[in-house]
Number of protein chains: 2
Amino acid sequence: MEGNVSNIKELAGRLGLSVTTVSRVLNGKAAAHRISEATSRRVVSAAAEFGYSVNRIARGLKLERTETIGLIVPDISNPFFASVAKTIEMELRKQGYSLILCDSQDDPGSEKELLELLAGRKVDGIILAPVGLSCDHVCHFRNRKIPVVAIDRYFPGSPVPYITCDNYLGAYMATEHLIKSGHRRIACIHGPEGVSSSQDRIAGYMAALRKFRIRIRHQLVGGHDFGEENGYLETLRLLKLKKRPTAIFALGNLISLGVLRALQDSGLSIPKDISLVTFDEQPYSAYLRSPMTTIEQPREEIARKAVSILLEAVTAGDIIDSTIGIQLSPRLIVRDSVRNIKPVKS
Amino acid sequence: MEGNVSNIKELAGRLGLSVTTVSRVLNGKAAAHRISEATSRRVVSAAAEFGYSVNRIARGLKLERTETIGLIVPDISNPFFASVAKTIEMELRKQGYSLILCDSQDDPGSEKELLELLAGRKVDGIILAPVGLSCDHVCHFRNRKIPVVAIDRYFPGSPVPYITCDNYLGAYMATEHLIKSGHRRIACIHGPEGVSSSQDRIAGYMAALRKFRIRIRHQLVGGHDFGEENGYLETLRLLKLKKRPTAIFALGNLISLGVLRALQDSGLSIPKDISLVTFDEQPYSAYLRSPMTTIEQPREEIARKAVSILLEAVTAGDIIDSTIGIQLSPRLIVRDSVRNIKPVKS
DNA sequence: CTGTTAGCGCATTCAG
DNA sequence: CTGAATGCGCTAACAG
């Protein structure tokens with residue numbers, strides 16, 4: 001068990017065999033080359049005994065395939081991305097791949113650099129939750145034959161495959177729920193403008209308002225990122241309006257935390273003074289002062305699908321353009337953060 | 001900007017230069033070899049123009065240094081580890097390193113496999129939140145000259161350096177707070193037995209009880225892992241006791257979520273019916289039905305220190321044994337989840 | 001059934 | 001100031 005044999009040549013030497021034979025056995029190609037059962041066993045046990053494990057760097061260089069996938073997320077400390085990352089890592093490992101994790105901090109510049117970095121590291125594919133709406137830098141990659149699949153967000157009108165939640169539908173459902181509870185002055189606190197998930201949710205929100213013939217008031221819509229501070233600041237702004245909204249729709253889990261803080265600071269309570277619905281069900285959603293009504297995204301499914309589509313592209317040696325976009329259905333979880341201010345019979 | 005030059009030879013060819021020169025320029029060694037300013041510029045601009053980026057796999061093979069660090073955590077979807085991972089990734093990237101993320105799922109077997117995997121991938125170092133208490137598999141690594149630093153948990157009596165929160169102290173503080181609020185029947189729901197953070201917290205809890213001459217009742221102490229379900233089940237068990245505890249000390253953020261669920265299911269409320277203190281401050285802690293009193297760990301500092309110690313070991317080519325263990329101070333954040341049932345003048 | 005050897009892309013020693 | 005040649009550890013084509 002002493003790890004003193006560090007390359008295949010040395011191991012072969014000790015066994016009095018050629019590197020080829022050792023390599024074949026270790027790569028499960030013994031049968032294909034009709035290597036004797038005895039030799040095989042000898043090799044395997046010697047490898048174990050001497051603590052030899054193949055140098056995947058050398059292997060990657062030779063094979064032009066590293067069995068490594070890059071993942072770029074805007075914020076790994078956001079529980080949504082942390083969960084997704086977990087499933088991605090587990091699925092990839094099952095297939096023998098490892099994951100290089102990168103955090104773009106929601107910065108398009110970093111995202112671009114990270115993409116370059118991963119290309120230099122010769123990853124076999126990339127899973128990306130992109131920041132901007134332009135796919136130039138990504139499409140550039142596809143020319144270099146590195147498959148990319150987008151998650152959570154996508155590039156409108158681009159050939160980059162993506163898996164997201166149906167954000168439009170989720171936002172529609174949330175807004176409709178608010179409307180059916182009698183709300184008409186519904187605010188919306190969103191993330192970065194240049195992110196499809198933000199845009200689609202805003203679109204769903206507006207569609208619901210329109211559907212019920214409620215005027216869209218632009219002062220009720222705002223936000224710059226998915227962070228807690230943004231939720232806080234936007235809420236304070238909303239509360240200063242002459243005519244306050246009766247409900248807030250937060251487009252992300254961190255945003256809603258900011259809303260809670262602002263309301264608490266202002267001595268307002270949910271749902272008595274104001275109602276709230278948010279995107280991203282969380283483990284704690286049910287235990288908040290006012291159990292929160294949320295939109296749940298199928299995180300595991302997004303992750304699993306992304307991995308399977310990417311790996312398919314990787315092994316096929318090219319991107320399967322047929323699977324351009326998949327939008328998975330969200331789920332509305334009704335709790336007690338919305339006050340029914342005007343009962344409506346369904 | 002067409003990425004059609006994929007290796008240094010090709011680039012050198014187009015420039016009418018040798019690969020040596022190109023390599024030198026690209027590695028910032030132009031000056032050392034007194035390569036002309038003109039040549040340098042030509043190389044750099046051509047590299048940019050043709051979208052050439054060095055193949056870090058080949059480079060790694062040659063240099064026996066991949067500028068890659070492995071991180072093994074028991075659960076990346078646990079917000080504690082997600083935050084730590086974020087800081088680690090950011091710090092590493094600043095120094096030119098990338099991160100391979102692995103989730104051991106709190107399974108010692110997986111942890112061992114993962115360690116092997118990372119060795120095969122020739123990472124320059126490993127940051128590990130270990131599951132077991134035995135360091136055999138890790139020490140094995142140090143023989144192979146791959147530096148390892150432990151975070152959050154450590155191996156008692158081993159030479160593996162570690163950075164953790166002072167778990168003993170944190171638990172002591174939490175328990176003391178409960179005792180000073182008049183509690184005597186204090187339950188403790190912990191994580192896996194074979195994890196130092198769990199053990200140290202239990203030890204701190206018991207030390208506080210002892211200090212105040214309160215008998216330790218073993219039926220009040222239990223748990224198997226840091227998950228939500230464990231917190232749920234243990235709480236239900238505690239509630240069935242003839243003499244219920246008046247307070248619960250949860251040793252992790254997910255555990256306390258399980259406690260909340262069990263209490264809710266049982267129609268009990270905090271702090272009226274039972275008090276609660278938990279390890280791991282979270283962004284939502286203040287907004288729970290009953291704002292939660294918590295122990296906050298210095299997550300960023302743990303991450304930053306781990307990176308700096310590891311990188312020091314990496315560049316020194318060996319582990320600096322002088323820095324064996326660092327325990328950073330936790331902080332008690334008092335909110336409203338503890339009922340004062342017997343005022344005590346301090 | 002097993003072995004010899006070329007070459008993956010790079011940094012570097014030695015030689016100008 | 002620049003270049004030719006070597007070898008990092010591995011796999012696979014080719015050769016028995």
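Keep in mind it's a predicted model, so treat the numbers as computed, not measured.
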Comparing A/Arg56 with B/Ile35, nearest DNA chain D nucleotide closer to 5' gives the residue B/Ile35

Considering only D/dT11, C/dT13, C/dG3, which nucleotide approaches the side chain of A/Arg24 most closely?
C/dG3

Given D/dT6, is OP1 or OP2 found less than 4.0 Å from the side-chain N or O atoms of B/Lys62?
no

Would you mind classifying the nucleic acid contact of B/Gly120 as base, sugar-phosphate or nothing, using non-hydrogen atoms under 4.0 angstrom?
nothing

N or O in side chain of A/Asn55 less than 4.0 angstrom from D/dG9 OP1/OP2:
no

How many Å lie between CD on B/Glu64 and P on D/dG7, as a whole number?
14 Å

For the atom pair CG (A/Leu115) and OG (A/Ser104), what is the distance rounded to the nearest 0.5 Å?
10.0 Å

So, does B/Asn7 get its side chain near the phosphate of C/dC8, meaning an N or O under 4.0 Å from OP1 or OP2?
no

Ignoring hydrogens and geometry beyond distance, is a side-chain donor-acceptor pair present between A/Arg56 and A/Ser98 at under 3.5 Å?
no

If you check the A/Ser36 side chain, which of C/dG3, C/dC1, D/dG9 turns out closest?
C/dC1

Separation of A/Leu11 atom CG from D/dC10 atom P, in whole Å?
9 Å

Length of the NE2-P vector between A/His33 and D/dA15, whole Å
16 Å

Please determine if B/Arg299 forms a cation-pi arrangement with B/Phe80, meaning its NZ or CZ atom is less than 6.0 Å from the six-membered ring centre and no more than 45° off the ring axis.
no

It should be established whether B/Thr20 places a side-chain nitrogen or oxygen under 4.0 Å from OP1 or OP2 of nucleotide D/dG3.
no

Rounded to the nearest 0.5 Å, what's the gap from CG on B/Leu328 to CD1 on B/Ile163? Could you check?
7.0 Å

C/dT4 phosphate, OP1 or OP2, under 4.0 Å from A/Ser18 side-chain N/O:
no

Calculate the interatomic distance between A/Leu17 atom CG and C/dT4 atom P; express it in whole Å.
11 Å

Rounded distance (nearest 0.5 Å) linking atom CG of A/Asp152 with atom OG of A/Ser197:
4.5 Å

Using the closest heavy atom to pick a nucleotide of DNA chain C for each, name whichever of A/Arg34 or B/Arg59 lands nearer the 5' end.
A/Arg34

Where the side chain of B/Arg42 meets the backbone of B/Leu15, is there a donor-acceptor pair that is under 3.5 Å apart?
yes

In whole angstroms, how far is the P atom of C/dG9 from the CD1 atom of B/Ile8?
12 Å

Nucleotide nearest A/Thr39 when distance is taken to its side chain, options D/dG9, C/dA11, C/dT2
C/dT2

Roughly how many Å is it from CD1 in B/Ile57 to P in C/dG9, rounded to a whole number?
12 Å

Testing C/dA11, C/dA6, C/dG3 for proximity to the side chain of B/Leu63, the answer is C/dA11

Phosphate OP1/OP2 of D/dG9: any A/Tyr52 side-chain N/O under 4.0 Å
no

Distance in angstrom units between A/Leu15 CG and C/dT2 C1', rounded:
13 Å

Can you tell me if B/Lys122 touches the phosphate of D/dC8, counting only side-chain N or O atoms and a distance under 4.0 Å to OP1 or OP2?
no

Whole-Å gap separating C1' (D/dC8) and CZ (B/Arg65):
14 Å

Considering only D/dA12, D/dT2, D/dT11, which nucleotide approaches the side chain of B/Thr21 most closely?
D/dT2

